[in-house]
Amino acid sequence: MMKLFVFECNNHIDEFIKDINDWVNLHKEITIVDYDFGYDNKGLLKTVVVKWK
């Protein structure tokens, strides 16, 4: 069964990326299957969906 975790960017991009990396590092027992990226109309990164099992 595949699971999803969604990160939404509400702060600076550096902090956003750090939050994602921290979450992945905290959950070393999971297997990351894929990442999907969502952008706004200006081309700025707004969401990251982590697919894992």
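Keep in mind that what you see is a predicted model, and the values were worked out from it rather than measured. The first residue of the sequence shown is numbered 1, and numbering continues consecutively from there.
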Novice: Which other residues belong to the hydrophobic cluster containing Leu26, where Ile, Leu, Val, Met, Phe, Trp and Tyr are joined when side-chain heavy atoms lie under 4.5 Å apart, directly or via other members?
Specialist: none
Novice: Identify, with sequence neighbours excluded, every residue that meets side-chain hydrogen bond (donor to acceptor under 3.5 Å, both in side chains) alongside Glu8.
Specialist: none
Novice: Checking one residue: Phe16. Which other hydrophobic residues are in its cluster under the side-chain 4.5 Å linking rule?
Specialist: Phe5, Phe7, Ile13, Ile17, Ile20, Trp23, Val24, Ile30, Ile32, Tyr35, Phe37, Tyr39, Leu45, Val48, Val50, Trp52
Novice: Excluding sequence neighbours, so at least two apart, what forms side-chain hydrogen bond (donor to acceptor under 3.5 Å, both in side chains) with Asp36?
Specialist: Lys51
Novice: Please enumerate all residues that pass salt bridge (charged side-chain N to carboxylate O under 4.0 Å, His left out) together with Asp22, with sequence neighbours excluded.
Specialist: Lys18
Novice: Does Asp40 have any side-chain contact (heavy atoms from CB on, under 4.5 Å) partners at least two apart in sequence or in another chain, and if so, which?
Specialist: Lys42, Leu44, Lys46
